Amino acid sequence: MDFVLHLLGSVSSFLLRLLGFQLLFFWPGWLVLRLLTLGRYPRFLGPRRNATAYEDVELVSCIGLLTVVLALVWWAHSGAG
């Protein structure tokens, strides 16, 4: 019983972290990629129901994470913090 509860807790924790990562960093990444590619990529507003679109969402979220980290470093280095 303890193993099942631990397994359910681990899976739900992983899914919540993954979902939070994608929700938090997808939109900054989407905006940056739209600006850099002059509106050509990404062509969608959210994940579709196939593996390729899921990989695209992860890529856009990683670009968003990089953007947010670089913006925070720039903000801290500029003396605004």
Side-chain angles (χ1 to χ4, degrees):
M1 184 65 178
D2 289 336
F3 174 74
V4 173
L5 290 176
H6 177 68
L7 182 64
L8 286 174
S10 298
V11 169
S12 63
S13 172
F14 171 75
L15 290 175
L16 285 174
R17 281 187 277 147
L18 183 65
L19 184 64
F21 171 75
Q22 289 179 357
L23 285 175
L24 184 63
F25 296 116
F26 177 80
W27 292 110
W30 182 87
L31 179 64
V32 166
L33 286 173
R34 288 294 262 195
L35 290 172
L36 290 176
T37 62
L38 302 175
R40 293 186 178 173
Y41 181 82
R43 295 179 189 254
F44 57 90
L45 286 176
R48 295 189 185 142
R49 298 192 190 273
N50 59 26
T52 305
Y54 181 73
E55 291 170 359
D56 287 345
V57 169
E58 285 183 335
L59 174 67
V60 172
S61 297
C62 287
I63 298 295
L65 173 65
L66 180 65
T67 301
V68 169
V69 167
L70 288 175
L72 288 174
V73 167
W74 176 77
W75 180 69
H77 187 351
S78 69

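The structure presented is a predicted model; accordingly, all values stated were derived computationally and were not measured. Values below: all heavy atoms of this structure, side chains included; hydrogens, waters and symmetry mates excluded.
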Verify the cluster assignment for Phe26 and Leu66: are they in a single hydrophobic cluster under the rule of side-chain heavy atoms below 4.5 Å apart? no

What about Tyr41 and Ile63, same hydrophobic cluster or not, with Ile/Leu/Val/Met/Phe/Trp/Tyr joined at side-chain heavy-atom distances under 4.5 Å? yes

Only residue of Val32, Leu31, Leu38 satisfying side chain to side chain contact (heavy atoms under 4.5 Å, CB included) with Leu35 is Leu31

For the residue pair Glu58 and Gln22, what are the closest heavy atoms and their distance? CG-NE2, 3.8 Å

Quick one: do Val60 and Trp27 end up in the same hydrophobic cluster if we chain Ile, Leu, Val, Met, Phe, Trp and Tyr together by side-chain heavy atoms under 4.5 Å apart? yes

Report the distance from atom OG1 of Thr67 to atom CG of Leu36, rounding to the nearest 0.5 Å. 8.0 Å

Sequence-distant partners of Leu65, side chain to side chain contact (heavy atoms under 4.5 Å, CB included), two or more places apart: Phe21, Phe25, Val69

